A.B. asks: 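Shown below is the structure under consideration.
Nothing fancy with the numbering, it's 1 onward along the sequence. Model, not experiment: these values are computed from the prediction.
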Amino acid sequence: LAFGRIAKNRFSIGLIFFAYYLIFKDTRALLFLALFFLLNSSSFYLTQGNVIRQGFASSLLLLGICARTPFFTNLFKLMAFFSHKGAVIAFLSPLTKVTNKYRLLILALALLLGYFAIFVKVLNLLPLPGFVATKLEFYSSFERASSNSLIKLVLLLLFNLVFLKFRSRDAVYEKAYSFFFAFSITALLLFRFDGMFSRLILYTDVFIPIIAVGCIAQFHVQKNRIWAATAFI
């Protein structure tokens, strides 16, 4: 069993590096910068060391970003879902293709509904399937490390605001952003379910290095790129 976990872990890491190579194969400097961001993220080691199923699902979603056709993108999403159920949120990514004005409105609404537990109260009124209700009850029993969760919340909002303003509009970056935004909104709505919120935050973290590099690439003056890279670090 331990050997199987190690093998799956190494395979997952290999897929992540392969996905990054495919995304940045034409811009080697950006590849190294993206890998630097990735390897300096505690989330990378957490998903690949403690929540291996989610780490494997994340690597499959990254391959979905590289896919050139919707069929293969959805295939990788489906494979990710069978590895970890939380990856189902990736199927909502096509619904996030709206203008920045509406994205900002959706972001604010999700924050309001999640922070004041309005969304949770609505969920409790719905006739949910038994396994869903059980899962919600299980995660709602988690004790919240309030300061840590609030820091995650603030950082998530900060990255969303920065990406709304500066992200690259190239196809690959936009696909990564659509995944990131879908997981961000779901995380905000489920903020009061600390277990779910923390897991969904890990999904958003997977896409941040890619989108961040896209933001930095928008600056054509070398000095501005250095300042932008320093800010993200």
A.B. asks: If I take atom OH from residue Tyr177 and atom SG from residue Cys215, how far apart are they, to the nearest 0.5 angstrom?
C.D. replies: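 Tyr177 atom OH to Cys215 atom SG measures 10.0 Å (nearest 0.5 Å).
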
A.B. asks: Has Lys85 got its NZ or CZ under 6.0 Å from the middle of the six-membered ring of Phe81, at an angle within 45 degrees of the ring axis?
C.D. replies: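 Yes, Lys85 lies over the aromatic ring of Phe81.
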
A.B. asks: Just how far is it from atom OG of Ser149 to atom CD1 of Ile201, taken to the nearest 0.5 Å?
C.D. replies: 9.0 Å

A.B. asks: So, for Asn160 and Phe181, which heavy atoms are closest and what is the spacing to 0.1 Å?
C.D. replies: OD1-CD1, 3.5 Å

A.B. asks: Are side-chain heavy atoms of Leu107 and Leu111 found at a separation under 4.5 Å?
C.D. replies: no

A.B. asks: Take Ile23 and Cys66, measure what side chain to side chain contact (heavy atoms under 4.5 Å, CB included) needs, and give me the verdict at the end.
C.D. replies: CA-CA 6 Å; Ile23 294 170; Cys66 307; 3.5 Å; yes

A.B. asks: Quick one: do Leu188 and Leu95 end up in the same hydrophobic cluster if we chain Ile, Leu, Val, Met, Phe, Trp and Tyr together by side-chain heavy atoms under 4.5 Å apart?
C.D. replies: yes

A.B. asks: I'd like to know if the side chain of Thr27 reaches the main chain of Ala29, judged simply by a donor and an acceptor atom lying under 3.5 Å from each other, with no hydrogens or angles considered.
C.D. replies: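 Checking the backbone N and O of Ala29 against the side chain of Thr27, no donor-acceptor pair under 3.5 Å is found.
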
A.B. asks: So do the side chains of Ser12 and Ile52 get within less than 4.5 Å of each other, counting heavy atoms only?
C.D. replies: no

A.B. asks: Can you see whether His84 engages Arg199 through a side-chain donor-acceptor pair at a distance of less than 3.5 angstrom?
C.D. replies: yes

A.B. asks: Carefully, step by step, assess Phe24 and Leu35 under the rule side chain to side chain contact (heavy atoms under 4.5 Å, CB included).
C.D. replies: CA-CA 10 Å; Phe24 298 104; Leu35 289 175; over 6 Å; no

A.B. asks: Does the side chain of Ile210 come within less than 4.5 Å of Tyr20's, by heavy atoms?
C.D. replies: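 Tyr20 vs Ile210: side chains touch.
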
A.B. asks: Just one of Tyr173, Phe37, Phe179, Phe159 clears the ring-ring contact (aromatic ring centres under 6.0 Å, His included) bar with Phe207, so which one?
C.D. replies: Phe179

A.B. asks: What is the minimum heavy-atom distance between Pro209 and Ala34, and which atoms define it?
C.D. replies: CB-O, 3.9 Å

A.B. asks: Please report the closest heavy-atom contact between Arg53 and Ser83, naming both atoms and the distance.
C.D. replies: O-OG, 2.9 Å

A.B. asks: Examine the side chains of Lys77 and Ser93 and answer whether a donor and an acceptor come within less than 3.5 Å of each other.
C.D. replies: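 Ser93 and Lys77 do have a side-chain donor-acceptor pair below 3.5 Å.
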
A.B. asks: Answer yes if the ring centres of Phe183 and Tyr203 are under 6.0 angstrom apart, and no otherwise.
C.D. replies: yes

A.B. asks: Under a 4.0 Å threshold between the charged nitrogen and the carboxylate oxygen, would Arg167 count as salt-bridged to Glu174?
C.D. replies: yes

A.B. asks: Dump the intermediate steps for side chain to side chain contact (heavy atoms under 4.5 Å, CB included) on Phe197 and Arg192, then the final yes or no.
C.D. replies: CA-CA 7 Å; Phe197 174 73; Arg192 291 299 173 183; over 6 Å; no

A.B. asks: Please answer: with hydrophobic residues joined when any side-chain heavy atoms are less than 4.5 Å apart, are Leu150 and Met196 in the same cluster?
C.D. replies: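 Leu150 clusters together with Met196.
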
A.B. asks: Parallel, tilted or perpendicular: which describes the rings of Phe191 and Tyr115, with under 30° parallel and over 60° perpendicular?
C.D. replies: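 Correct class here is parallel.
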
A.B. asks: How far apart are the closest heavy atoms of Asn100 and Leu164, and which atoms are they?
C.D. replies: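 Closest approach of Asn100 to Leu164: ND2-O, 2.9 Å.
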
A.B. asks: Tell me the closest heavy-atom pair linking Ala217 and Leu30, and the distance in Å.
C.D. replies: CB-CD1, 4.2 Å

A.B. asks: List the atom of Ile216, the atom of Ala229, and the distance in Å for their closest heavy-atom pair.
C.D. replies: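 Smallest interatomic distance, heavy atoms only, reads CD1-CA, 3.6 Å.
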
A.B. asks: As a test of understanding, state which of Thr96, Ile185, Asp205, Leu156 forms a side chain to side chain contact (heavy atoms under 4.5 Å, CB included) with Phe180.
C.D. replies: Leu156

A.B. asks: For the residue pair Thr99 and Arg103, establish whether any side-chain heavy-atom pair is separated by less than 4.5 Å.
C.D. replies: no

A.B. asks: Using the rule that two of Ile, Leu, Val, Met, Phe, Trp, Tyr join whenever any of their side-chain heavy atoms come within less than 4.5 Å, decide whether Phe163 and Leu161 are in one cluster.
C.D. replies: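 Per the 4.5 Å side-chain linkage, Phe163 and Leu161 are co-clustered.
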
A.B. asks: Examine distances only and state if a side-chain atom of Lys175 and a backbone atom of Ala67 form a donor-acceptor pair shorter than 3.5 Å.
C.D. replies: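 Flag set: sc Lys175 to bb Ala67 pair under 3.5 Å.
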
A.B. asks: Considering only heavy atoms from C-beta outward, does the side chain of Phe219 approach that of Val221 to under 4.5 Å?
C.D. replies: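 The answer is no; the side chains never approach within 4.5 Å.
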
A.B. asks: Kindly work out whether a path of hydrophobic side-chain contacts (I/L/V/M/F/W/Y, heavy atoms less than 4.5 Å apart) joins Leu109 to Ile118.
C.D. replies: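 Yes.
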
A.B. asks: Between Asn9 and Phe56, does a side chain to side chain contact (heavy atoms under 4.5 Å, CB included) hold up when you go through it step by step?
C.D. replies: CA-CA 7 Å; Asn9 174 251; Phe56 185 58; over 6 Å; no

A.B. asks: State, yes or no, whether a side-chain contact exists between Leu62 and Phe76 at a heavy-atom distance under 4.5 Å.
C.D. replies: no

A.B. asks: Nearest 0.5 Å, please: how far is CD1 in Ile89 from OG1 in Thr204?
C.D. replies: 12.5 Å

A.B. asks: Is any side-chain heavy atom of Leu63 closer than 4.5 Å to one of Phe18?
C.D. replies: yes

A.B. asks: Quick one: OG on Ser58 to CG on Leu202, what's the gap to the nearest 0.5 Å?
C.D. replies: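 Here the interatomic distance stands at 7.5 Å.
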
A.B. asks: How long is the span from the NZ atom in Lys97 to the OG atom in Ser178, to the nearest 0.5 Å?
C.D. replies: 6.0 Å

A.B. asks: Under 6.0 Å from the OH atom of Tyr102, do we count more than 12 heavy atoms belonging to anything else shown?
C.D. replies: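 Atom OH in Tyr102 is not packed in, count stays at 12 or less.
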
A.B. asks: Does Phe32 share a hydrophobic cluster with Val213, counting links as ILVMFWY side-chain heavy atoms below 4.5 Å and allowing steps through other members?
C.D. replies: no

A.B. asks: With rounding to the nearest 0.5 angstrom, report the OG to CD1 distance, Ser168 to Ile211.
C.D. replies: 10.5 Å

